[in-house]
Amino acid sequence: MTTYRAVEVAPDGGLRPTERELVPPGPGQVRIRVEACGICHSDSIVVHPHDEGETGRVPGHEAVGRVDALGEGVTGWSVGDRVGVGFLGGHCGVCAACRLGDFVGCTDQPYTGVHVDGGYAEYMYARQTGLVAVPEEMGAARVAPLLCAGFTVYNALVGNVRQPGGLVAGDLVAVQGIGGLGHLALQYARALALRVVAIARGADKEELALRLGAHHYVDSKASDAAEELTKLGGARMVLGTAAGGDVSPLLAGLARRGRLVLVGVSPEPVRVAPRQLIFEAVQVSGSLTGTAAENEQNLAFAQAHDVAPMVEHTSLTDVQAAYDRMLRGEARFRMVIGI
């Protein structure tokens, strides 16, 4: 029996090494030899204590590698193709949402590394509908975080550029939180010709934020961020990327018809007054990555505009320490497993 190395969630919530049997992919699936996988805060959806005896899940939804084997019925992909897999593991194509073309809302779509095993492993399996074609010229450690963290902020920004009355070149956009998502959002926003404000706690990230593309920096510990945005004319969009903290006060820094778009999953509720919704016409929404085809557009954009994550490298044997470092907010700014 041929096996491969992986890291799974233990019943106590820790991460432990394991070996899995290398089997052929199922119908509609491919097997991928993993080159690299990012460690994302959303991995915490599955990395937590479980009932004793529950089968461990292999986390990881920022995986890049090469197709190693094809399952029955797979078309359009070949062994050796360079591919990536993001958070959304592939739509079914037949549910009510899919029939309406809402592939993100597919009701039979697994979350990679949550409902099915992910990329903390030498090999993984994925639906062909979830595969993202990866340019040969882009390094694996660069691509991995772009498949989720990069794609999340890219789609949130581009979605607000493309919609009627959306963002245009020169509009003021604020990025709240300069971490794994935020440091990429600054680069994407600058490449989209937007006027970019970085908002973070403390002065220590100012130099980096400006280097990554911000035109302005606001230290939210030293000043009222909403007031600073108002002085700059009001933000047409505030992109909330932090995984914690209350973003509600930033609504006061929006221009009329401005949007607060959340991509960081903070436990804090958003409080908005009816007056803001009615008289100032502000909008509050969230954005959940997108389709595999849109992710390919994301990679093409990142390649064309030199958007790249700042990464710290780790290995399968050191995943627990790397995951803990990410969870404490100490990573600068994405931890990537090289396999």
Side-chain angles (χ1 to χ4, degrees), residues 1-71 74 79-90 109-128 130-132 134 140-141 143-145 147-149 311-327 331 334-339:
M1 180 179 71
T2 303
T3 62
Y4 64 93
R5 295 184 304 143
V7 172
E8 67 180 11
V9 181
D12 65 0
L15 292 166
R16 64 186 183 188
T18 186
E19 289 197 356
R20 299 287 174 92
E21 182 181 358
L22 192 67
V23 298
Q29 289 186 329
V30 303
R31 189 174 69 203
I32 301 168
R33 175 68 171 91
V34 179
E35 297 175 350
C37 185
I39 298 177
C40 180
H41 194 277
S42 294
D43 293 340
S44 61
I45 296 173
V46 70
V47 184
H48 57 77
H50 293 267
D51 293 337
E52 196 69 35
E54 183 171 332
T55 301
R57 176 67 67 208
V58 177
H61 58 265
E62 295 182 340
V64 57
R66 292 191 182 275
V67 174
D68 173 73
L70 303 175
V74 172
V79 171
D81 284 348
R82 196 149 183 255
V83 297
V85 183
F87 184 68
L88 300 181
Q109 176 157 228
Y111 293 166
T112 309
V114 178
H115 303 129
V116 295
D117 286 344
Y120 288 19
E122 293 178 316
Y123 289 87
M124 66 176 292
Y125 300 81
R127 280 182 176 177
Q128 65 171 336
L131 297 180
V132 178
V134 174
V143 170
L147 289 168
C148 178
V311 304
E312 295 185 28
H313 298 271
T314 189
S315 65
L316 280 178
T317 56
D318 294 321
V319 167
Q320 183 70 69
Y323 177 83
D324 291 342
R325 180 169 172 77
M326 176 279 298
L327 208 59
R334 303 295 292 185
M335 305 298 301
V336 177
I337 306 165
I339 301 166

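In this chain, residues are counted from 1 in sequence order. Just the heavy atoms: all of them, side chains too, but no hydrogens, waters or symmetry mates, feed the values below.
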(request) Could you walk me through whether Val336 and Thr314 pass side chain to side chain contact (heavy atoms under 4.5 Å, CB included), step by step? (result) CA-CA 6 Å; Val336 177; Thr314 189; over 6 Å; no

(message) Set out, in order, the CA-CA distance, both residues' side-chain angles and the distance that settles side chain to side chain contact (heavy atoms under 4.5 Å, CB included) for Tyr123 and Val58, then state yes or no.
(response) CA-CA 11 Å; Tyr123 289 87; Val58 177; over 6 Å; no

(request) Evaluate the side chain to side chain contact (heavy atoms under 4.5 Å, CB included) criterion for residues Arg325 and Glu312: first the C-alpha distance (whole Å), next the side-chain angles of each, then the deciding distance (0.1 Å), finally the verdict. (result) CA-CA 10 Å; Arg325 180 169 172 77; Glu312 295 185 28; 2.9 Å; yes

(request) Go through Leu131 and Val85 one step at a time and tell me if the side chain to side chain contact (heavy atoms under 4.5 Å, CB included) criterion holds. (result) CA-CA 6 Å; Leu131 297 180; Val85 183; 4.1 Å; yes

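When all heavy atoms of Val47 and Pro59 are compared, the pair lying nearest together is CG2-CG, 3.9 Å. Heavy atoms only, all atoms of each residue included: Pro25 and Val30 are closest at CB-C, 3.8 Å. Scanning all heavy atoms of the two residues, the minimum distance from Val46 to Gly113 falls at CG1-O, 3.3 Å. Smallest separation of non-hydrogen atoms from Pro145 and Val311: CG-CG1, 4.1 Å. Considering all non-hydrogen atoms of both residues, Arg16 and Ala10 come closest at CD-CB, 3.6 Å. Nearest heavy atoms, Ala141 versus His313: CB-CE1, 3.6 Å.
Shown here are the salt bridge (charged side-chain N to carboxylate O under 4.0 Å, His left out) partners of Glu19, two or more places apart in sequence or in another chain: there are none. Residues passing the side-chain contact (heavy atoms from CB on, under 4.5 Å) test with Leu316 are Arg5, Val7, Glu122, Val319, Ile337, Ile339, sequence neighbours excluded. For Ala140, the side-chain contact (heavy atoms from CB on, under 4.5 Å) partners two or more places apart in sequence, or in a different chain, are Glu35, Ala36, Val64, Arg82. Applying the side-chain hydrogen bond (donor to acceptor under 3.5 Å, both in side chains) test to Thr317 and every residue at least two apart in sequence or in another chain returns Ser315. Annotation: side-chain contact (heavy atoms from CB on, under 4.5 Å) contacts of Ala63 (sequence neighbours excluded): Cys37, Met124. Listed by chain and residue number, nothing satisfies the ring pair (Phe, Tyr, Trp, His ring centres under 6.0 Å) test with Tyr125 (two or more places apart in sequence, or in another chain). With sequence neighbours excluded, the residues that form a side-chain hydrogen bond (donor to acceptor under 3.5 Å, both in side chains) with Asp68 are Arg31. In this structure His115 satisfies the ring pair (Phe, Tyr, Trp, His ring centres under 6.0 Å) test together with Tyr111, sequence neighbours excluded. In this view, Arg20 and Glu8, Asp117 satisfy the side-chain hydrogen bond (donor to acceptor under 3.5 Å, both in side chains) rule, not counting sequence neighbours. Here Ala321 pairs with nothing under the side-chain contact (heavy atoms from CB on, under 4.5 Å) rule; sequence neighbours left out.
A donor-acceptor contact shorter than 3.5 Å links the side chain of His50 to the backbone of His48. Although no hydrogens or angles enter the test, the distance criterion places no donor-acceptor pair under 3.5 Å between the side chain of Thr3 and the main chain of Glu21.
Within the 4.5 Å cutoff, the side chain of Asp12 has no heavy atoms near those of the Pro49 side chain. Between Leu88 and Pro110, every side-chain heavy-atom pair lies at or beyond the 4.5 Å cut-off.
Taking CD of Gln29 as the reference point, atom CG of Leu70 lies at 11.5 Å (rounded to 0.5 Å). In this structure, Tyr4 OH and Arg33 CZ are separated by 11.5 Å, a value rounded to the nearest 0.5 Å. Distance CE/Met335 to CE/Met326: 9.5 Å, rounded to 0.5 Å. We find the CZ-OH distance between Arg57 and Tyr120 to be 14.0 Å, quoted to the nearest 0.5 Å. The SG atom of Cys148 sits 8.5 Å away from atom CG of Asp43, with the distance rounded to the nearest 0.5 Å. Considering SG of Cys40 and CZ of Phe87, their distance stands at 8.0 Å, rounded to 0.5 Å.
The only option from Val143, Val83, Leu147 that meets the side chain to side chain contact (heavy atoms under 4.5 Å, CB included) definition with Val132 turns out to be Leu147.
Within the structure, no pair that satisfies the ring-ring contact (aromatic ring centres under 6.0 Å, His included) test touches residues 13-38, not counting sequence neighbours.
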